Each structure stands twice: as structure tokens, then as C-alpha cells.
Amino acid sequence: MKIVVLAGGLSTERDVSLATGKMVSKALRSKSHQVLLLDVFMGYGKPGDNLDEIFENSEEIQIQAGEIVENAPDIQKIKAMRQDQSDSFFGPNVISLCRMADIVFLALHGEDGENGKLQAAFDLFGIRYTGSNYISSAIAMNKELSKRFFQANGIPTPKGICLKKEDQTKGFADTGLSLPCIVKPCCGGSSVGVSIVRSLEEYEHALTQAFCYEDSVIIEEYIQGREFSVAVIDFQALPVIEIAPVSGFYDYKNKYIAGNTIETCPADLPPEIAKQMQSYAIDVANAIGLDTYARMDFMLDQQNHIYCLETNTLPGMTQTSLLPQEAQAIDMEFADLCEWLIEISIKKFNRKITG
């Protein structure tokens, strides 16, 4: 097949996305596909360029992805690097190249790749892509909305509220929560802008930090315990994986710098708790309509109560990512996983065509 692996973009998770794209491209080429790794924002060439044999030469012209560093990228510097200086999210020839492909593997992470806007645009252009539809993507990306879906469907989740930037001056007492608590951007990912707050002074600082990324933040109760994740592919739950940072919490640095986090899959859990967590993950997929694949994050407190934190519709596929480790636990190699995600995504589009 001719496959565009779409990565990069303008989110704080740009570097992670490029690393995902690099690994996915290599894996799909090992399966004899013609694969073009493309930066959605930078694009390729200039409008009007001859694209006729681009897939035959895709390995020579693809973008080069660097390593993930400890800090999120400077988005303004990224914007300044684009040659045509357009403010369009789609770089030169991106739509044309995606239309030429049999399917686009979405290796994007963060707001503009996972919030449904790109998926809706691709639907209008008749472009097939991996992952969930635009409505489900939008709900999952917005932590306020997804929390409401969890609550409405009996899926336990930490208590919390959404605070708008214009209400930032309200005191902590108005939240109805107690310390410690979590402050995080409403639609962010990779734990960028997330803080564990233990004092009123830390609360004010955490709000300022979170509002640097978005105009809405989530403030929720802090769950003391162990952290886990469960991937769901085609409504089938993979083995539970436990995430244990060597120090601190599971922030951006601990997620993507090798050796900073100990991951155990299958997780060391009583079978009934693991089964319940997997069941909740499938419930999330059904409630939000995540019809291809996603990864759900959970906390288990000291009384063995399970809490669903959020869902990721385009989970990472880097060397330290969780979904590939869960697949490995069922003896599925990375390249086979990538092909499975493509297969179920194509089936979804074929069902639409046949009605």
C-alpha cells in the first residue's frame, strides 16, 4: 500500500509525534509498503510540484526526525522555520499527498492532531486515516467533556472542575476541592503543564503555568496510588501496564526519556482488579465511540479503588511508549501492530461505504 505517515505539527508534543512517525514508517517499510513520512505543518516542496513518483522515492525525500529532549519544543521557532510563512495548519502539498495515499497513518499527538479538526477535514476531502472519527476524537481530547461521559456511564473518575482563564482570580475554596490536587490544561497531552499542588502558593503558580497553554484548565482531586494504562483496539482490551516513575510523577520528561520510568506489563495486579480495569477501558471506548484504538489511563488508590483519568486517541508509538509494550505482552511485534491498526481503520471506512 501507499501510506502517508503524518507527524509533526504545532502541538507541544511535536517531537514525540516525529519520533512516533519515524518508528511507524520504519516498521511499515519492513512490511514492503511504500511509506512517506510527512510533517503536516512543513509539508513538502512547493504548490504545483510534480508529485507523480513521490511514493516510489519516499525513503529519499522523507523528513528526518530527531530525538525527544527533556522539554517541549518552542512552537514559535517551529513556525518561523516554514518557508512560505503561511498560517495554514496544512503545509504545501499535504492534502494532495494524503489523497494519493491508500491511507494516512496518523502519528500526530496533541490538540491539533487529536481534537477532531484534522479528522473532520480529512472526511471532507475523502482521505482515509487511522484512528477514531472526529466526534469521538473531540470528546476524548477535552478532559471536561470526557469526564462527563465517564460519569454518565458509571466509569469512576476523580472529582474535578473546569476553570476558565477569566475566572482565574477565584480562590481555591471556590473549587470545592481540597489539597493536594491536580492542575492540568483541559486539552493538552503528554503531561505538559500538569502540576501536583500541595499548597495555596503552588496552586497559584500551577494555574499560571497551565494557562500558558490553554484558556481552560482542569482542577481535580489528587489520587494517591499506582498508575496504569490499558489500550483498547477494536473494542478488545490489551494487558494492563503499570507505570512507575523512578522519581516525581509521570510528566513529559519521565514519559519520553528512557530509563526514567519502570513499566511492567502485564501489571502485577490481582486478576479481578486487572479484569475490572480492562472492562472500564472498554466501557470508555463504547461510551465515547472510540471505534478503532485508544489508550486509557487509570489510578488505583490504596483501597484498590479504580479511577479513569483520561483517554488518548492517538497514543504514542515511540521506543518508550505504552501501547507497543502492551502489544508485545501478547507476542505482537511492532510492525504487526502498525498493520493491525491500519487494517481495522480500513474496515471502518469500508463499512461506511457499504452502509
Side-chain angles (χ1 to χ4, degrees), residues 5-14 16-17 19-21 24 40 89 103-123 127-150 153 155 157 184-192 214 218 228-238 241 255 278 280-298 308-318 321-324 326-327 337-338 340-349 352:
V5 176
L6 202 59
L10 291 176
S11 84
T12 53
E13 298 175 78
R14 173 183 171 83
V16 183
S17 170
T20 284
V24 171
V40 65
F89 179 71
I103 194 166
V104 176
F105 193 109
L106 293 183
L108 293 162
H109 305 312
E111 187 170 6
D112 285 329
E114 295 188 70
N115 64 7
K117 292 181 181 180
L118 180 140
Q119 288 82 354
F122 276 10
D123 285 344
I127 296 169
R128 299 193 298 185
Y129 53 87
T130 56
S132 297
N133 61 64
Y134 75 96
I135 295 176
S136 299
S137 298
I139 294 169
M141 192 66 192
N142 187 302
K143 294 178 179 62
E144 179 187 16
L145 279 177
S146 58
K147 189 177 284 289
R148 291 182 184 180
F149 272 76
F150 297 164
N153 288 274
I155 301 161
T157 187
K184 57 188 176 183
C186 186
C187 298
S190 285
S191 297
V192 176
E214 294 179 32
I218 297 294
F228 301 87
S229 195
V230 182
V232 174
I233 302 178
D234 200 17
F235 299 105
Q236 303 173 56
L238 269 59
I241 186 168
K255 285 184 178 182
Q278 290 174 307
Y280 281 142
I282 295 172
D283 288 345
V284 170
N286 280 298
I288 300 180
L290 305 173
D291 53 4
T292 51
Y293 70 104
R295 200 197 75 230
M296 292 60 168
D297 297 334
F298 294 90
C308 185
L309 301 179
E310 58 186 72
T311 183
N312 305 271
T313 55
L314 294 177
M317 301 278 278
T318 71
S321 293
L322 306 178
L323 174 56
E326 293 182 62
L337 170 63
C338 293
W340 186 21
L341 300 182
I342 287 173
E343 177 186 332
I344 61 174
S345 298
I346 288 176
K347 284 182 180 179
K348 176 185 70 174
F349 282 101
K352 289 182 179 179

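All values derive from a computational prediction rather than experimental measurement. Counting from 1, the numbers follow the sequence of the chain as shown.
Two residues are said to be in side-chain contact when any heavy atoms from C-beta on lie closer than 4.5 Å; Glu144 and Ile218 meet this criterion. Side-chain contact between Phe150 and Cys308 is present, with at least one heavy-atom pair separated by less than 4.5 Å. In this structure, Glu13 and Leu314 have side chains that are not in contact, with every pair of non-hydrogen atoms separated by 4.5 Å or more. Using a 4.5 Å cut-off on side-chain heavy atoms (C-beta onward), Trp340 and Ile344 make contact. Two residues are said to be in side-chain contact when any heavy atoms from C-beta on lie closer than 4.5 Å; Asp112 and Leu118 fail this criterion. Annotation: side chain of Thr311 is not in contact with side chain of Val232 (no heavy-atom distance under 4.5 Å). When side chains are defined from C-beta on, Thr292 does not count as touching Leu341, because their heavy atoms never get closer than 4.5 Å. Taking the side chain as every heavy atom from C-beta outward, Lys347 and Asp234 never approach each other to under 4.5 Å.
Smallest separation of non-hydrogen atoms from Ile155 and Ala287: CD1-CB, 4.5 Å. Gly316 approaches Pro324 most closely through the heavy-atom pair O-CD, 3.8 Å. Considering every non-hydrogen atom in both Gly131 and Ser345, the closest pair reads N-OG, 3.3 Å. Nearest heavy atoms, Ala19 versus Thr318: CB-CG2, 3.8 Å. Considering all non-hydrogen atoms of both residues, Asp291 and Lys348 come closest at OD2-CD, 3.2 Å. Of all the heavy atoms in Ala107 and Val5, the pair that sits closest is CB-CG1, 3.9 Å.
Here Lys143 does not pair with Glu214 in a salt bridge; the nearest charged N to carboxylate O distance is not below 4.0 Å.
The ring of Phe349 has its center closer than 6.0 angstrom to the ring center of Tyr129.
Of the inter-residue distances, the one linking Asn142 atom CG with Lys147 atom NZ reads 11.5 Å to the nearest 0.5 angstrom. In this structure, CG in Leu290 is found 12.0 Å from CD1 in Ile282, a value given to the nearest 0.5 Å. Here Leu106 contributes atom CG and Ser132 contributes atom OG; the two are 10.5 Å apart, rounded to the nearest 0.5 Å. Annotation: the span from Asn312 atom CG to Met296 atom CE amounts to 9.0 Å, rounded to 0.5 Å. Rounded to the nearest 0.5 Å, atoms CD1 (Ile288) and CG (Asn133) are 11.0 Å apart. Distance check, rounded to the nearest 0.5 Å: CD1 of Ile241 to CG of Leu322 gives 5.0 Å.
Put simply, the side chain of Glu114 never gets that close to the backbone of Ser137: no donor and acceptor are under 3.5 Å apart. Distance alone, capped at 3.5 Å, places no donor-acceptor pair between the Glu310 side chain and the Phe298 backbone. Judged by distance alone, the side chain of Asn115 and the main-chain N or O of Lys117 form a donor-acceptor pair under 3.5 Å.
In terms of the side chain to side chain donor-acceptor pair (under 3.5 Å) criterion, Asn153 has no residue partners (sequence neighbours excluded).
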Between Leu337 and Ile233, does a side chain to side chain contact (heavy atoms under 4.5 Å, CB included) hold up when you go through it step by step? CA-CA 10 Å; Leu337 170 63; Ile233 302 178; 3.8 Å; yes
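Residue Tyr134 qualifies as open at atom OH: its count of foreign heavy atoms under 6.0 Å is 12 or below.
Counting only N and O atoms by type, the side chains of Thr20 and Ser17 include no donor and acceptor under 3.5 Å apart.
With His109 as reference, Val16 is the one residue of Val16, Thr12, Thr313 to meet the side chain to side chain contact (heavy atoms under 4.5 Å, CB included) rule.
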